[in-house]
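Some notes on the structure that comes next.
Convention: sequence-line order gives letters A, B, ...; per-chain numbering from 1. Quantities reported herein were computed from a predicted structural model and do not represent experimental measurements.
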Amino acid sequence: MENQMSELPGSSKPVTTIGDLSKYDDTSVTIRGWVYNKRSSGKIHFILVRDGSGIAQCVVVKSQVSPEVFGAFDLLSQESSLTVTGKVHKDDRAPGGYEIQVEDLAIVHVAKDYPITPKEHGTEFLMDHRHLWLRSARQHAILKIRHRIIKAVRDFFDGKGFTLVDSPILTPASVEGTSTLFETEYFDLGKAYLTQSGQLYAEASAMAMGKVYCFGPTFRAEKSKTRRHLTEFWMVEPEVAWANLNDNMDLAEEFIEYVVQTVLGNSAEELKLLERDVTKLQTVKRPFPRLHYDEAVEILKKNGVDFQYGNDLGAADETIISQQYDRPVMVHHYPAACKAFYMKRDPEREDLTLSVDVLAPEGYGEIIGGSQREDDYDTLLKRLEEFNLPREPFEWYLDLRRYGSVPHSGFGLGIERTVAWICGIEHVRETIPFARMIYRNTP
RNA sequence: UCCUCGGUAGCUCAAUUGGCAGAGCAAUCGGCUGUUAACCGAUGGGUUGCAGGUUCGAGUCCUGCCCGAGGAGCCA
């Protein structure tokens with residue numbers, strides 16, 4: 001955090017943030033923020049001020065301030081904005097360890113009837129007030145960790161020679177041909193669709209740059225209504241030329257280990273506020289278990305699941321498999337029947353794909369889906385026909401197999417599911433600032 | 001799309017067999033010099049989701065609708 005030394009007009013004290021108070025012990029400073037809560041014993045007032053960097057207890061003693069400053073306390077309501085000047089003082093009774101002995105106080109704006117009180121609220125009410133809910137300590141911590149995760153994602157790929165090459169959000173056709181897409185009019189060119197994956201374009205970028213990743217919002221118009229689904233979510237998709245399925249799995253596990261361990265090292269305070277059991281994250285170290293689809297099916301049968309070979313794994317199946325391990329598990333070689341057209345088949349088992357899903361522990365489900373891509377022109381053309389996909393919108397994609405085709409692989413990681421897992425929270429709607437779901441597109 | 005559950009004060013909830021619609025918090029007023037979701041006292045606050053039905057009487061029972069939550073499918 002910057003050690004800010006600017007001054008407010010009319011104040012001779014350095015302006016700082018609450019997160020930096022420990023640098024100013026026994027010094028008078030000014031902070032700017034919002035009332036988080038207040039208490040009083042009559043001649044001594046306590047104001048909890050938050051400013052985004054922390055929460056500071058400000059103590060107003062009647063005998064030490066002007067009557068105007070002391071009386072200002074009565075006008076302050078929850079979430080009113082104000083500036084406070086006073087001496088920083090180490091005190092174990094204060095949340096955060098430091099408090100401010102108030103010398104001067106200026107109200108900037110009085111908030112009237114702030115709807116979110118320091119008591120319990122229901123989900124619907126909180127989501128209706130999401131724009132205000134973000135100010136609460138818990139949501140603040142989640143957003144901080146989300147930021148840390150995204151930074152770790154980018155640092156990881158940037159540090160390994162990847163180039164960020166983003167894919168378009170408006171696309172002319174479905175990527176996988178199966179999902180339901182959001183549709184919009186596009187001038188004289190007919191329909192355009194909001195992308196459900198940047199992958200196909202990332203494949204083109206990888207042929208130009210070698211190692212790339214794209215990172216952006218993706219959209220699914222499916223009527224999913226579970227704690228793991230949003231209609232708008234963020235996905236990071238690396239794509240690597242010359243990489244096979246094993247290279248892809250090596251990359252995925254190194255990537256997840258890096259992200260989790262980085263968050264553990266940098267966001268301890270936020271994880272503690274969220275009451276996350278970090279011992280469940282400390283075990284997230286390479287190597288991750290790798291299960292062939294056939295082995296995964298065996299585990300399900302051993303656990304009494306009546307599983308039909310060839311089906312995709314359901315949410316309950318994924319939970320049973322992930323519960324066998326203390327770290328993410330990689331399931332590879334899924335049947336072709338439940339995977340996308342672009343996935344390369346196992347040369348020795350044409351019914352299986354060179355695919356891999358990474359299942360997060362503790363029942364958080366699939367956080368990564370990836371594969372080695374089909375790189376043979378004739379085979380890919382055949383797949384398009386088998387999946388009843390039109391050839392014309394994929395001509396550019398077929399070009400990648402006409403002009404110097406090479407083996408290549410990649411995967412997509414869902415940011416919100418990853419945030420939910422690392423934070424240990426129930427529902428992905430709390431992992432994104434403003435969730436978009438089937439029955440909610442406001443605020 | 002299907003299954004399950006729910007909708008009562010600004011918020012979280014209660015209301016016995018169908019019998020005067022209540023509490024805590026928030027708000028307002030008063031008290032308190034170390035509070036930690038402070039505490040203590042007082043006051044105001046209701047189209048019980050909407051429409052219809054049964055009944056002397058409906059928050060409660062019946063029918064339809066609306067809205068929401070959890071799950072399935074699909075997926076990250």
Side-chain angles (χ1 to χ4, degrees), chain A residues 36-48 55 57-65 70 73-74 77-79 89 91-96 99 101 111-129 132-133 136-138 175-176 178-181 195-199 217-237 252 311-319 334 338-340 357-360 364-370 411-421 426-429 431-432 437-440:
Chain A
Y36 194 72
N37 203 356
K38 66 173 194 175
R39 294 180 280 274
S40 174
S41 295
K43 295 192 177 64
I44 178 167
H45 300 321
F46 299 91
I47 311 167
L48 291 174
I55 294 177
Q57 173 161 283
C58 302
V59 187
V60 193
V61 179
K62 189 173 189 182
S63 59
Q64 293 172 11
V65 296
F70 192 74
F73 177 87
D74 293 330
S77 52
Q78 194 187 348
E79 288 304 320
H89 173 66
D91 194 313
D92 293 337
R93 292 171 293 186
E99 63 181 19
Q101 296 287 342
K112 191 165 162 35
D113 297 332
Y114 186 72
I116 301 178
T117 65
K119 285 279 175 179
E120 285 170 25
H121 298 283
T123 303
E124 186 185 359
F125 177 81
L126 290 168
M127 286 304 288
D128 282 343
H129 296 84
L132 303 175
W133 190 20
S136 73
R138 185 180 156 80
V175 172
E176 304 185 7
T178 51
S179 298
T180 319
L181 304 180
T195 185
Q196 55 170 319
S197 166
Q199 180 207 310
T218 49
F219 306 87
R220 305 277 163 94
E222 265 137 16
K223 295 189 173 179
S224 299
K225 187 175 159 35
T226 80
R227 72 185 78 181
R228 300 181 307 280
H229 286 90
L230 299 168
T231 54
E232 175 184 313
F233 65 97
W234 286 68
M235 190 154 63
V236 58
E237 296 173 277
N311 283 357
D312 204 355
L313 303 177
D317 306 323
E318 289 179 353
T319 300
Y334 281 82
C338 54
K339 288 292 178 186
D357 282 1
V358 180
L359 310 179
Y364 279 93
E366 182 184 349
I367 52 170
I368 277 181
F411 60 82
L413 172 113
I415 292 295
E416 286 75 19
R417 286 187 184 177
T418 304
V419 176
W421 164 46
E426 276 292 299
H427 202 299
V428 290
R429 69 186 156 214
T431 65
I432 187 167
M437 295 175 292
I438 174 169
Y439 293 126
R440 175 179 295 282

Every protein N/O within reach of nucleotides 2-13 of chain B N/O, cut-off under 3.5 Å:
residue, atom, partner, partner atom, Å
B:C11, O2', A:Glu120, O, 3.1
B:C11, O2', A:His121, ND1, 2.5
B:U12, OP1, A:Gly122, N, 2.9
B:U12, O4', A:Glu120, O, 3.4

For A:Glu416, give me all partners under salt bridge (Lys or Arg N to Asp or Glu O under 4.0 Å), at least two apart in sequence or on another chain.
A:Arg146
Counting heavy atoms from C-beta on, name the nucleotide in [options] closest to the side chain of [X].
| X | options | answer |
| --- | --- | --- |
| A:Gln57 | B:A76, B:G34, B:C74 | B:G34 |
| A:Thr226 | B:A76, B:U33, B:A72 | B:A72 |
| A:His229 | B:A27, B:C75, B:U33 | B:C75 |

On the nucleotide B:G70, are OP1 or OP2 found under 4.0 Å from the side-chain N or O atoms that A:Arg228 carries?
no
Between B:U33 and A:Lys62, is there an OP1 or OP2 to side-chain N/O distance shorter than 4.0 Å?
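Looking at the OP1 and OP2 atoms of B:U33, neither is under 4.0 Å from any side-chain N or O of A:Lys62.
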Could I get the full list of side chain to side chain donor-acceptor pair (under 3.5 Å) partners for [X], not counting sequence neighbours?
| X | answer |
| --- | --- |
| A:Asp91 | A:Arg93 |
| A:Glu79 | A:Arg50, A:Arg135 |
| A:Asn311 | none |

With a centroid cutoff of 5.5 Å and a plane-angle limit of 30°, would you call A:Phe233 stacked on B:A76?
yes
What residues, two or more places apart in sequence or in another chain, satisfy ring pair (Phe, Tyr, Trp, His ring centres under 6.0 Å) together with [X]?
| X | value |
| --- | --- |
| A:His229 | none |
| A:Phe70 | A:His45 |
| A:Tyr114 | none |
| A:Trp133 | none |

Do nucleotides 39-50 of chain B as a string where each nucleotide becomes B, S or -: B if the base has a protein heavy atom under 4.0 Å, S if just the sugar-phosphate does, - if no protein is that close.
------------
For the base of B:G34, is there a side-chain donor-acceptor partner from A:Glu99 under 3.5 Å away?
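It does, because a donor-acceptor pair links the side chain of A:Glu99 to the base of B:G34 below 3.5 Å.
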For B:U54 versus B:U63, give the span between their P atoms, rounded off to a whole number of Å.
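One P to the other, the span is 15 Å.
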Checking A:Asn37 now: which residues fulfil side-chain contact (heavy atoms from CB on, under 4.5 Å) with it, not counting sequence neighbours?
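A:Arg39, A:Leu48, A:Pro118.
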For RNA chain B, write out the stems as range with range, using runs of 3 or more consecutive Watson-Crick or G-U pairs with both distances under 3.5 Å.
B:1-7 with B:66-72, B:10-13 with B:22-25, B:27-31 with B:39-43, B:49-53 with B:61-65
